[in-house]
Visitor: 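Okay, here's the structure, questions in a sec.
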Amino acid sequence: MQDDSGYGGYGGPPSGSDYGHTAPLPPMPPPPPRRRVGLLSYLAVALVAGALGAGSVVALYHPAANSSTAQPAQPSAPAPLPSTAVPAPSSGGTGTAGASTSQVEQGIVIINTTLQYSSERAAGTGMVINAGSGLVLTNNHVIENATKITATVPATGQNFQAKVVGYDVTGDVALIQLQQPSGLHQVPLGDSAKVKVGDVVTALGNAEGQSRIVPATGHITGVNRTITASDQGGAVQSETLHGMLQTDAGIVSGDSGGPLVNAAGQVIGMDTAGNDVRFPDQQTAAGFAIPVNTALSVAREIAAGHASSTISIGYPPFIGVYVSPGTSSDPRQQAAAQQQNNGFGGGGGFGGNGFGGNGSTGNGQGQSCYTNDSNLPTPSTIAPVSSGTLIVGTICGSPAATAGMTAGSVITGLNGQAIGAPDSLHTQIAKYRPGDTVSVTWVTPSGQHKTASVTFTAGPPL
């Protein structure tokens, strides 16, 4: 993401390389215009990055990391939770400086994610907001594209598997649920409506992916700020967040989803973005947090199962194809964009899992299918059509691969709707749920026109 004053990116890993070679597939609104002055970083941290090829993927999700073929995930959406599942902000005051953060630390979890379609792992932070149900509040970008999510409670050493309850891409809020929760502690919540400039705060999180909670103290330096953030690795996706809290506390990579705590030891915000760039009118680094009232409001809608134009419940529908980052409806222009992206060494791995080794060679254009985007070439032969979405590769065992789609094929229709640029495919797929069956029409590299029924599986969160 980036700020009004220009911040950008996911935040680099400790080694200094950029986080982002992945760009999540829509459904998303068009990215807002960039106003780049400096560099703002999302605060998830990449722990391992493979040699990524280019291309987004509308892929199948399955949490088993060591499977050699894709298996269908459960398509059903999470059942709505009780209206009391997400607590309301506290009516407590701001307290006195120096109050202990120990109670907050009891409710912090370290979130580790696997992004196997893009050969990466990442880490961030989360906050337990319902101990009995195992509900954890975090940023969407912490779990974005994750094919496996685990959470560790540093205070106790407990480890949990986690599932996605829902997420809001535009608001950068996600709600996950720890499986078989026990021994958890809810973080004490404050009221972000009472926050004012000058308040003493402490940011807590998995700083730099150290697998421990590191505090950083400071003050609130601004309220109701608007920031725009984007992927530091050069991806074009960006989002604008409104009403943010600004602080001079040292928020760094890995703190995403962690608490910003007031002097009374209450959570008043969720660490989201930060920068270490100084501007003429800004002499210190800045961090930004989503007000806890805002985050809880979104979490409450997610828990109730209220999907909307911005809120997604559960996992999205995936078909299992890599597509070009190009915006043209011409498959050859998409191939050119793919080739250019390959040349820069970037790429968009749209979530998903690795399923072990790469698929076998079979179509003369590289491999017959892929388990990640680390060896994803531009197709050498493309279907002889002027409009449609070019398939750069298919995920082994996915619905697309099972239906017979291969690299170089071009999808031209879905359930009777014409498909052009990749965004049009994304938009059409977003209308459905995992488990839905649709008719897909495509043209093979040799010019054959084919149609098949394809059942969507559940994909990683966007």
Side-chain angles (χ1 to χ4, degrees), residues 1 9-22 24 40-50 52 63 65 104-105 107-128 136-164 167 172-179 187 203-216 229 231-233 250-260 270-274 276 287 289-290 349 351-354 372 460-462:
M1 289 186 150
Y10 273 89
S15 63
S17 62
D18 285 338
Y19 175 94
H21 298 293
T22 64
L40 175 112
S41 298
Y42 266 158
L43 301 172
V45 58
L47 301 177
V48 174
L52 301 182
V104 175
E105 292 183 47
I108 297 177
V109 301
I110 290 173
I111 297 175
N112 289 293
T113 61
T114 300
L115 294 74
Q116 289 177 333
Y117 282 134
S118 52
S119 304
E120 292 187 336
R121 292 186 295 116
T125 312
M127 299 175 279
V128 176
V136 170
L137 183 68
T138 189
N139 287 124
N140 176 67
H141 71 261
V142 170
I143 55 101
E144 179 182 34
N145 295 334
T147 56
K148 181 180 180 181
I149 304 172
T150 60
T152 299
V153 183
T156 63
Q158 293 173 285
N159 296 297
F160 299 92
Q161 300 290 324
K163 292 184 178 180
V164 175
Y167 53 94
D172 201 14
V173 174
L175 188 65
I176 64 175
Q177 188 168 32
L178 308 187
Q179 302 302 289
V187 294
L204 298 165
N206 179 24
E208 302 291 355
Q210 299 178 60
S211 296
R212 62 187 181 92
I213 301 305
V214 179
D231 184 339
Q232 199 172 28
I251 296 178
V252 297
S253 296
D255 286 340
S256 277
L260 186 66
M270 180 166 64
D271 304 336
T272 299
D276 56 7
I290 298 171
N353 49 342
N372 58 58
L462 304 179

Visitor: Do N159 and T152 have a side chain donor and acceptor closer than 3.5 Å?
Guide: yes
Visitor: Testing the basics here: between S211 and N206, what is the closest heavy-atom pair and its distance to 0.1 Å?
Guide: N-OD1, 2.7 Å
Visitor: When rounded to the nearest 0.5 angstrom, what distance separates OG in S256 from CD1 in I111?
Guide: 10.0 Å
Visitor: Within a strict 4.5 Å, meaning less than it, do heavy atoms of the V173 and L175 side chains meet?
Guide: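 They are not in side-chain contact.
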Visitor: Is E208 close to V214 at the side-chain level, that is, under 4.5 Å between some pair of heavy atoms?
Guide: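 Sidechains of E208 and V214: no contact.
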Visitor: Identify the two heavy atoms, one from P154 and one from V109, that lie closest to each other, and give their separation to 0.1 Å.
Guide: CD-CA, 4.2 Å
Visitor: Can you see which heavy atom on V164 is nearest to which on I143, and at what distance?
Guide: CG2-CD1, 4.3 Å
Visitor: Check whether any side-chain heavy atom of P461 sits under 4.5 Å from a side-chain heavy atom of E144, and report yes or no.
Guide: no
Visitor: Is there a side-chain contact between V142 and T125 (heavy atoms, below 4.5 Å)?
Guide: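 Side-chain contact under 4.5 Å: no.
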Visitor: Could you measure the distance from the CG atom of D271 to the CG atom of L204? Nearest 0.5 Å is fine.
Guide: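 D271 atom CG to L204 atom CG measures 7.5 Å (nearest 0.5 Å).
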Visitor: Would you check if the side chain of N140 reaches a backbone N or O of A174 as a donor-acceptor pair within less than 3.5 Å?
Guide: no
Visitor: Nearest 0.5 angstrom please: N112 CG to T114 OG1, how far?
Guide: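 Here the interatomic distance stands at 8.0 Å.
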Visitor: How long is the span from the CD1 atom in I290 to the OG1 atom in T272, to the nearest 0.5 Å?
Guide: 3.5 Å
Visitor: Do you know the tightest heavy-atom contact between P259 and M127?
Guide: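 In terms of heavy atoms, the two residues are closest at CB-SD, 3.4 Å.
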Visitor: Could you give the distance from NZ (K148) to OG1 (T113), rounded to the nearest 0.5 Å?
Guide: 11.5 Å
Visitor: Considering non-hydrogen atoms only, spot the tightest contact between D255 and G250 and give its length.
Guide: OD2-O, 4.1 Å
Visitor: What is the minimum heavy-atom distance between G257 and T138, and which atoms define it?
Guide: CA-OG1, 3.7 Å
Visitor: When rounded to the nearest 0.5 angstrom, what distance separates CD1 in I176 from CD in Q161?
Guide: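 Answer for the CD1-CD pair, I176 versus Q161, is 11.0 Å.
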